[in-house]
Protein chains: 2
Amino acid sequence: MITKELTIGELAERSGVAASALRFYEREGLIHSRRTTGNQRRYHRTTLRRVAFIRASQSVGMPLSVIGEVLGFLPADVPPSREFWVRASECWSKEINARIERMERMRDRFTECIGCGCLSFEQCALVNPGDELADQGPGARRL
Amino acid sequence: MITKELTIGELAERSGVAASALRFYEREGLIHSRRTTGNQRRYHRTTLRRVAFIRASQSVGMPLSVIGEVLGFLPADVPPSREFWVRASECWSKEINARIERMERMRDRFTECIGCGCLSFEQCALVNPGDELADQGPGARRL
DNA sequence: CCCGGACCTAAACTGCGGTTCATGTCCGAG
DNA sequence: CTCGGACATGAACCGCAGTTTAGGTCCGGG
């Protein structure tokens, strides 16, 4: 059969992603499925691509919420166009570069500041960054 | 009075760290305190330095567990020596550089892989990194 | 002596990205 | 028709780095 649908087990095996994660992605709206009369999930083949995109994006550090937003522009059951990949790639690259720069600035500051031995409050830029790291709110912070 | 001890409120204000966080650090063994007869915390002044070090280390992405290990070499109530700062700085710099390199590799892979439009399983290095990201076990992953 | 603000504790909650568990249903091979 | 493996669901749990809440105690000024 051409364009045969996938069960969750098949999708899990072929994508290398656990079935529990796939159900989770579906709850979060990143992927979609049809249901059989017996309430089981059937995935369109293009879902394989969507999952690949999700994992690739995660591997460069993107949070699922952002990936979800971008995938929102990609209708279900439609294979992602070349344009889509390119646009997404550009978008991600910007983000990653920004993060790398941020880390480089931090490292330089740290060596500088530790090197001078100050580490006293009010003077030290490391202890009081002020610019970055500010207003991240309470709770856990992503590294 | 010289070498006056600090209450938790004072330490919180002077370090810019919430009292709840200071109690948390103490539970985790990163800082220490004496207790008054009324069971209230009194901090040695050098604790201010310890907290500064914790926050600085966090700002470059170090997890508390690792910071705790390093602080373990620094006895309570002893001001950190210059040597200590230098050694810690070297140690952190290595870690940060490793992370930056990792992110650069990822970014390059991503642009390369997305650029070619493949994103198919089994071939794509991004989808199947294999080397990094592997064996991180179940549960949440740090970004 | 009394009052209010600072302090104490343990337990529950946050967000992220899922996993694990308990319990119950579906579906295809024999 | 029956059996076992695949699937369904909701709820609870993991680690991290704390915050919030509830309920109780301490301490200094008036």
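Numbers restart at 1 for each chain; the letters A, B, ... are given by sequence-line order, proteins then strands.
Comparing D:dA17, C:dG18, D:dC7 against the side chain of A:Tyr25 picks out C:dG18 as the nearest. Across C:dG17, C:dC7, D:dT19, the shortest atom-to-atom separation from the side chain of B:Thr7 is found for C:dC7. When distances run from any side-chain atom of A:Arg41 to the nucleotides C:dC8, C:dG18, D:dT9, the shortest one goes to D:dT9. The side chain of B:Gln58 has D:dA17 as its nearest neighbour among D:dA17, C:dG17, C:dC8.
The side chain of A:Arg55 places no N or O atom within less than 4.0 Å of a non-bridging phosphate oxygen (OP1 or OP2) of C:dG17. In this structure, B:Arg23 does not reach the D:dT20 phosphate: none of its side-chain N or O atoms is under 4.0 Å from OP1 or OP2. Neither OP1 nor OP2 of D:dT20 sits under 4.0 Å from any side-chain N or O of B:Ser20.
Among the atoms of the strands shown, only primed sugar atoms or phosphate atoms (P, OP1, OP2) are found under 4.0 Å from some heavy atom of A:Ala18. Counting any heavy atom pair closer than 4.0 Å across all strands shown, B:Arg35 reaches sugar-phosphate atoms only and no base atom.
B:Leu64 places its CG atom 9 Å from the P atom of D:dC16, with the value rounded to the nearest Å. Computed from coordinates, the A:Leu30 CG to C:dG18 P distance equals 10 Å when rounded to whole Å.
Taking each heavy atom of A:Ile96 and B:Met103 in turn, the nearest pair found is O-CE, 4.0 Å.
If you find the closest nucleotide of DNA chain C to A:Ser65 and to B:Ile8, the one lying nearer the 5' end belongs to B:Ile8.
Contacts of B:Arg50 classified as salt bridge (Lys or Arg N to Asp or Glu O under 4.0 Å), with partners at least two apart in sequence or in another chain: none.
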Original post:
How would nucleotides 21-30 of chain D be written as a contact map, 5' to 3', with B for base contact, S for sugar-phosphate-only contact and - for no contact, using protein heavy atoms under 4.0 Å?
Top reply: -----SS---

Subject >> Residue pair A:Arg99, A:Glu95: steps toward the salt bridge (charged side-chain N to carboxylate O under 4.0 Å, His left out) verdict >> reply: CA-CA 6 Å; A:Arg99 277 212 302 276; A:Glu95 263 286 321; 3.5 Å; yes

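Checking each of B:Glu10, B:Glu5, B:Glu26, B:Arg14 against B:Tyr43 for a side chain to side chain donor-acceptor pair (under 3.5 Å) leaves exactly one that passes, namely B:Glu26.
Using cut-offs of 30° and 60° for the angle between ring planes, the A:Trp85 and A:Phe53 rings count as tilted.
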